[in-house]
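Data first, discussion second: the structure below is written as structure tokens.
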Amino acid sequence: MNTEQATPPQDANQIIAERRAKLAALRKQGVAFPNDFERKNLAADLHTAYDAMSHDELEAAQVSVAVAGRMMLKRVMGKASFATVQDMSGRIQLFVSNDNTGEEAHNAFKHYDLGDILGATGVLFKTKTNELSVRVTSLRLLTKALRPLPEKFHGLSDQEQKYRQRYLDLITNEDARRVFAIRSKTIQAIREFFIRHDYLEVETPMMHSIPGGASAKPFVTHHNALDMQMYLRIAPELYLKRLVVGGMEKVFEINRNFRNEGLSTRHNPEFTMIEFYEAYRDYRYLMDFTESLFREVAHKVLGTTALTYQGRELDLGHPFHRLTMVQAIRKYHPQFTDAQLHDRAFLISELEDLKAKYKPEDGIGGLQLSLFEELAEHQLFEPTFIVDYPIEVSPLARSSDTRPEITERFELFMVGREIANGFSELNDPEDQEARFDAQVVAKEAGDEEAMFKDNDYIRALEYGLPPTAGEGIGIDRLVMLLTDSASIRDVILFPQMRPEV
RNA sequence: GGGACGUUAGCUCAGCCGGUAGAGCAGCGGACUUUUAAUCCGUUGGUCGCCAGUUCGAAUCUGGCACGUCCUACCA
């Protein structure tokens, strides 16, 4: 309750003014916002249980129900009316009439508005067109809606309004409800998968004094009592590995990361990832594990591993491709030879021709990565693990025992974008310290995304991190895939927007 | 950051060569006891995103600004 209620604002809008007048009349009659209606049935449950029954069977059964929901459609025909109410499960039709509901209640109903929340009790029946409905014997207005709903047929179509007023999107668009139901089920399926594999779910700090675990620009904030600068985390990685040092040999965390970078259809400043770590495993195990995770999630959430994304089909049931960066480049550009792609001068001249961004000081691996991102990444539609990442872009990954310039790392691409990133963890504290020091040099040279040195993390490694494999999976992008959503904003309930004018 | 497009009633949208604002839904009034986006009759409702400019006259043309969507760049 706030004080604004005492002086209702003058509504320029006529519809809202009329609804306020109706609410004022309700207040005079008694409790305007009653909370004693006992809802006993959900629409979908009733359809499941009784849709198959014939008109006569249903009449004989005399099923009494109590339903509640928001009135989405209303058809008044003099002495009888129909209303369609929507609850969390779906919709069901109400039949309101002078004969069954009473003339007084029916006349009151005629002044109810679309968007009002109703509670109805009555008996199930089938209409002439065989639609399961409630023959209402008692009808109550539980919550008056002061603002009119979007148009009943087209719903809300303005993208901005869908994002800013997600509640309206959810009320009026079946697809929005579907997407967020799938999101919830996806996270549930992931959680079940890890718990079944004896993982422990943990929460590590979201406010870091030293941001780490990824190459990204952090959000900066300030803690007053401690008078210290803090950062919203860019990744939970270093904390999760501290837990593995502590003996939590299988841990995962599903939560938000924050990166102070651009917004796009694939980037929101806060996004949800699962990161998980398992001791005594390596990156090869992770790839197999990831494949089975994706298959299980798709199966549990959609009932199938065959997906359509933006008009193209892919099947998570098929084995995921595994390619090195050079193989991936050659797959789409067979004119390049293996030798060329290992030739520094050639790589640089190609990158120059493509006007691609690259760091001239990079080694072969870094240049290959730049070329890969330019020429191949966006074409990797089917699930593909890209392996053999250069050490200079992987400061937390274990280097290969046979080829020290690359790491035991993969990234998983699907529908042309990165979905997951995993590697055998670097557990050599002296190597890690040297890599941090190299990052610090890069940061001092102006690389805003270079990592900070985290001395406590080094100290933890000095106590001994068992050989461990770890991975992060972008939940939002996975949900985009499972819901066939083109924009990350369609799978985040309240995507970041500029303040409303 | 760069580019394209958009912003008209609560919602979905028309509005041509510049002449002073339209429809459907929602609302209000009326008819109608099995409707399905119910139907039929009548009717209320607008600072045309904002600010300038051109013009006798701007929703319409020009410039700027704001916000948004998409593409692109950075990134996961």
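The structure displayed is predicted, hence computed values, not measured ones. Convention: sequence-line order gives letters A, B, ...; per-chain numbering from 1.
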Ignoring hydrogens and angles, are the base of [N] and the side chain of [X] linked by a donor-acceptor pair under 3.5 Å?
X	N	result
Glu160(A)	rU7(B)	no
Asp99(A)	rU33(B)	yes
Ser97(A)	rU33(B)	no

If the [atom1] atom of [N] is compared with that of [M], how far apart are they to the nearest Å?
N	M	atom1	result
rG49(B)	rU35(B)	C1'	41 Å
rG18(B)	rA58(B)	P	13 Å
rA59(B)	rU8(B)	P	15 Å
rC51(B)	rA66(B)	P	15 Å
rC11(B)	rU34(B)	P	35 Å
rG30(B)	rU12(B)	C1'	27 Å
rG19(B)	rG57(B)	P	14 Å

[N] [atom2] sits how many Å from [X] [atom1], rounded?
X	N	atom1	atom2	answer
His106(A)	rU34(B)	NE2	C1'	12 Å
Tyr163(A)	rU69(B)	OH	C1'	8 Å
Leu156(A)	rC11(B)	CG	C1'	8 Å
Glu418(A)	rC74(B)	CD	C1'	14 Å
Ile488(A)	rC70(B)	CD1	P	12 Å
Gln161(A)	rU8(B)	CD	P	10 Å
Met497(A)	rC67(B)	CE	C1'	9 Å
Asn107(A)	rC32(B)	CG	P	12 Å

Cation-pi between [X] and [Y]: NZ/CZ under 6.0 Å from ring centre and within 45° of the ring axis?
X	Y	value
Arg166(A)	Phe494(A)	no
Lys144(A)	Phe33(A)	no
Arg409(A)	Tyr283(A)	no
Lys74(A)	Phe109(A)	yes

Report which part of the nucleic acid [X] touches: base, sugar-phosphate, or nothing (heavy-atom distance under 4.0 Å, all strands).
X	result
Glu411(A)	nothing
Ile475(A)	nothing
Gly115(A)	nothing
Asn260(A)	nothing
Lys126(A)	nothing
Phe258(A)	nothing
Arg489(A)	sugar-phosphate
Thr127(A)	base

Complementary nucleotide for [N] - Watson-Crick or wobble, under 3.5 Å:
N	value
rU12(B)	rA23(B)
rG1(B)	rU72(B)
rG18(B)	none
rU54(B)	none
rA66(B)	rU7(B)
rA38(B)	none
rC32(B)	none

Reckon [X] has a side-chain N or O less than 4.0 Å from the OP1 or OP2 of [N]?
X	N	answer
Ser81(A)	rU35(B)	no
Arg259(A)	rC74(B)	no
Thr272(A)	rA76(B)	no
Lys217(A)	rC74(B)	no

Discussion item. Both Phe95(A) and Asp158(A) contact RNA chain B. Which one's nearest nucleotide lies toward the 5' end?
Written reply: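 Going by which nucleotide is closer to the 5' end, it is Asp158(A).
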Item to complete: Starting from the 5' end of RNA chain B, give me the residue, Asn268(A) or Ser487(A), whose nearest nucleotide shows up first.
Response: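 Per heavy-atom nearest nucleotide, the more 5' residue is Ser487(A).
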Which listed nucleotide ([options]) is nearest to the side chain of [X]?
X	options	answer
Ala80(A)	rC28(B), rU35(B), rU33(B)	rU33(B)
Ser264(A)	rA73(B), rU35(B), rA26(B)	rA73(B)
Asp113(A)	rA76(B), rC28(B), rU35(B)	rC28(B)
Ile15(A)	rG27(B), rC70(B), rC13(B)	rG27(B)
Arg164(A)	rG10(B), rC67(B), rC28(B)	rC67(B)

Item to complete: Evaluate side-chain contact (heavy atoms from CB on, under 4.5 Å) for Tyr332(A) paired with Leu375(A), printing each intermediate quantity in order.
Response: CA-CA 8 Å; Tyr332(A) 297 101; Leu375(A) 294 178; over 6 Å; no
Item to complete: For Asp113(A) and Asp116(A), work out which heavy atoms get closest and say how close.
Response: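 That would be N-OD2, 2.7 Å.
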Worksheet item: Shortest non-hydrogen contact from Thr483(A) to Arg178(A)?
Response: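 Thr483(A) and Arg178(A) have their closest heavy atoms at O-NH2, 3.1 Å.
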Worksheet entry | Footprint string (nucleotides 37-44 of chain B, 5' to 3'): B base within contact, S backbone only, - free, heavy atoms under 4.0 Å | BB-----B
Discussion item. Taking salt bridge (charged side-chain N to carboxylate O under 4.0 Å, His left out) as the criterion, tell me which of Arg183(A), Arg256(A), Arg417(A) meets it with Asp476(A).
Written reply: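 Running salt bridge (charged side-chain N to carboxylate O under 4.0 Å, His left out) over Arg183(A), Arg256(A), Arg417(A) with Asp476(A) returns exactly one hit, Arg183(A).
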Fill in: Sidechain-backbone polar pair: Gln439(A) side chain, Met451(A) backbone, donor-acceptor under 3.5 Å
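Flag set: sc Gln439(A) to bb Met451(A) pair under 3.5 Å.
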Worksheet item: Mind checking whether Phe194(A) and Phe276(A) have parallel, tilted or perpendicular rings, split at 30° and 60°?
Response: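 Ring orientation, 0 to 90° scale: tilted.
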Discussion item. Would Arg191(A) and Glu201(A) count as a salt bridge (Lys or Arg N to Asp or Glu O under 4.0 Å) here? Give the steps.
Written reply: CA-CA 8 Å; Arg191(A) 183 170 275 127; Glu201(A) 180 168 11; 2.8 Å; yes
Discussion item. Tell me if the centroids of the rings in Phe289(A) and Phe193(A) come within less than 6.0 Å of each other.
Written reply: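 Here the rings of Phe193(A) and Phe289(A) have centres that are less than 6.0 Å from each other.
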